[in-house]
Number of protein chains: 2
Amino acid sequence: MARPKQFDPEIALDLAVDIFWESGFEATSIERLCRRLKLNPGSLYGAYGDKRALFIAILDRYVDKVSLEAIQRISGSPSGILGIVNYFDFLIEAILGGKRRWGCLITNSLIELAAREPEIAAKVELHFTRLETAFASALARAQAAGELRPGFGPESAPYFVCLVQGLNVLARTKPTRARLRAIVDVALDPLRDGAALLSPKSVA
Amino acid sequence: MARPKQFDPEIALDLAVDIFWESGFEATSIERLCRRLKLNPGSLYGAYGDKRALFIAILDRYVDKVSLEAIQRISGSPSGILGIVNYFDFLIEAILGGKRRWGCLITNSLIELAAREPEIAAKVELHFTRLETAFASALARAQAAGELRPGFGPESAPYFVCLVQGLNVLARTKPTRARLRAIVDVALDPLRDGAALLSPKSVA
DNA sequence: ATCATTCTTGAATACTGATTCAAAAACTCC
DNA sequence: GGAGTTTTTGAATCAGTATTCAAGAATGAT
């Protein structure tokens, strides 16, 4: 018995993700948000609360999607090595093609906001933990299958997280495919022995 | 025949570096700057121009210092491998100890500003090129000395730049020394054969 | 059809924060 | 010591942007 919303709050959130992702929190004005979402200030505040609350909402949305996506790629192969290789291949293409040319919203938010916003720091932390866990279990599987060079195992997972962050930074420099490939080929060299058997495409 | 400045503009710049480094461009207000530098708005504008100009000035200052520092560490050893290992050891300690717990002002600025500020993007680019060049020449020396695993050479330099960026991101998560060490130990594994002879301390 | 409720609209408000400025002060040179 | 120049001071101004709000509009229930 009331007037229904004239917009889909979920779809609008997706629009908002893009703007914050590209420009960050501080540099994104409510006015720009309103223009892009085709919403008036009143509607926006009614639906989401203030700017900070909106940002938290879009960050949650992004984290859910990106965490899941990463875990699925990394854990999606029977071979742990192949899962990792596939994930990095995917990441390269994402950086070159889609919105990941803006890096990763999580990485960007860590740098812009985590120091003064514990709530945001916690969300970043959560994602990093998930990512590391996915790498660790892939590495454990690879190790168990004897595909891993001695000295490498699940405890090397933080290295892969670091690598991902490095690529997310470089994403903002408009790198070429060749450049990203070269980096990943060197970075994944420890996996090469096993991967060579499994993924001729990704290992020069 | 005029009133002299009551503050040292160079020293004040160093103060300003820290604030922008910690909080970024947008989140740093002129008021906070004035309070920390113990300057009134008029003096600040008189000395440096507007906020953007001040930021460019402190970024220049930072880039000069950090580029030089990196190049000296990387190129400072007769062995190319040792230079690289030393640089990463230094980076770990810097992240744990000093202001590098805020990551790297260059990395932070790339993410916050490069997309909309070509002038800043160019300065970031410049530093990355210098860093990559330093790595490449260290790798070339190592290769010439036969210290490098086959398949590695100067063309692997972008990988090391990526690594540095990853560490700069992780710096903002308050990582432990053990964690950073673990990452670097894995990351520098390709150099291990040669380094083992030269740097017992850094290679577990 | 009317009521109660919620949504939309877009102007008004309230802030924050960047920038300017006029007056006073400090210095050097003559 | 006075003239001329630059710096300091801190309040005033200006601009931009986050947030609120009052009025009008759309809906379902009675």
Side-chain angles (χ1 to χ4, degrees), chain A residues 1-60 105 108-109 112-113 115-117 119-120, chain B residues 1-60 105 108-109 112-113 115-117 119-120:
Chain A
M1 49 147 99
R3 179 175 183 173
K5 280 196 166 60
Q6 314 229 320
F7 66 99
D8 180 336
E10 303 275 301
I11 292 176
L13 270 188
D14 279 332
L15 274 305
V17 168
D18 288 356
I19 304 184
F20 278 122
W21 188 356
E22 180 181 4
S23 305
F25 177 79
E26 295 289 352
T28 297
S29 70
I30 296 284
E31 194 209 343
R32 185 142 74 96
L33 247 4
C34 287
R35 234 181 304 125
R36 189 79 71 91
L37 311 204
K38 292 204 271 274
L39 245 46
N40 293 305
S43 300
L44 192 152
Y45 277 79
Y48 307 107
D50 65 10
K51 186 181 173 184
R52 185 178 174 283
L54 173 58
F55 186 84
I56 300 267
I58 65 103
L59 183 59
D60 273 334
L105 175 64
N108 300 353
S109 303
E112 186 186 3
L113 302 167
R116 60 187 157 110
E117 291 278 355
E119 194 176 346
I120 290 174
Chain B
M1 48 147 96
R3 180 174 182 175
K5 280 197 165 58
Q6 315 227 318
F7 67 98
D8 181 336
E10 305 275 302
I11 292 176
L13 269 188
D14 279 333
L15 275 304
V17 168
D18 289 355
I19 304 182
F20 279 121
W21 188 357
E22 181 181 4
S23 304
F25 177 80
E26 296 289 353
T28 297
S29 70
I30 296 283
E31 194 208 346
R32 186 142 74 97
L33 248 4
C34 287
R35 232 180 306 126
R36 191 79 70 89
L37 310 203
K38 293 206 269 275
L39 246 46
N40 292 306
S43 299
L44 191 152
Y45 276 80
Y48 306 107
D50 64 9
K51 187 181 173 185
R52 185 178 174 283
L54 172 59
F55 186 84
I56 300 267
I58 64 101
L59 182 58
D60 273 333
L105 175 63
N108 300 352
S109 302
E112 186 186 2
L113 302 167
R116 61 188 156 110
E117 291 278 354
E119 193 175 349
I120 290 173

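Each chain gets a letter, A, B and so on, in the order its sequence line appears, and its residues count up from 1. Not measured: the values here are computed from a predicted model.
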Inset, instruction - Examine distances only and state if a side-chain atom of A/D50 and a backbone atom of A/A53 form a donor-acceptor pair shorter than 3.5 Å. - result: yes
Inset, instruction - Rounded to the nearest 0.5 Å, what's the gap from CG on A/L15 to CD1 on A/I58? Could you check? - result: 12.0 Å
Inset, instruction - Please state how far atom CZ in A/R32 lies from atom C1' in D/dA18, giving the value in whole angstrom units. - result: 15 Å
Inset, instruction - Quick one: closest heavy-atom pair of B/R32 and B/S23, and the distance? - result: NH2-OG, 2.7 Å
Legend entry - Under 3.5 Å donor-acceptor, A/E112 side chain and A/E26 backbone: yes
Inset, instruction - Ignoring the backbone of A/N40, work out which of D/dT19, C/dC27, C/dT8 is nearest its side chain. - result: C/dT8
Inset, instruction - Can you tell me the distance, in whole Å, between the NZ atom of B/K38 and the C1' atom of D/dG10? - result: 18 Å
Legend entry - ring pair (Phe, Tyr, Trp, His ring centres under 6.0 Å) pairs, two or more places apart, involving residues 9-29 of chain B: B/F20-B/F55, B/W21-B/Y62, B/W21-B/W102, B/F25-B/F55
Legend entry - Out of D/dT19, C/dT8, D/dT27, whichever nucleotide has its closest atom nearest the side chain of A/P4: D/dT27
Inset, instruction - Report the distance from atom CD1 of B/I30 to atom P of D/dT13, rounded to the nearest whole Å. - result: 20 Å
Legend entry - Partner of A/L113 by side chain to side chain contact (heavy atoms under 4.5 Å, CB included), out of A/I120, A/L59, A/N108: A/I120
Legend entry - Donor-acceptor under 3.5 Å (B/D8 side chain, B/E10 main chain): yes
Inset, instruction - Round to the nearest Å and state the distance from A/E31 atom CD to C/dT9 atom P. - result: 16 Å
Distances for protein N/O vs nucleotides 20-24 of chain D N/O pairs under 3.5 angstrom?
{"unit_1": "D/dG24", "atom_1": "N2", "unit_2": "A/R3", "atom_2": "NH1", "d": "3.4"}

Legend entry - Rounded distance in Å - CD (B/Q6) to P (D/dG10): 12 Å
Inset, instruction - With DNA chain C as reference, determine whether B/A2 or B/G49 sits nearer its 5' end, using the nearest nucleotide of each. - result: B/G49
Legend entry - Between C/dG17 (P) and B/R36 (CZ): distance, integer Å: 16 Å
Inset, instruction - Figure out the NZ/P separation between A/K5 and D/dG28, and round it to whole Å. - result: 15 Å
Inset, instruction - Take the protein atom CZ of B/R35 and the nucleotide atom P of C/dA18, then report the distance between them rounded to whole Å. - result: 12 Å
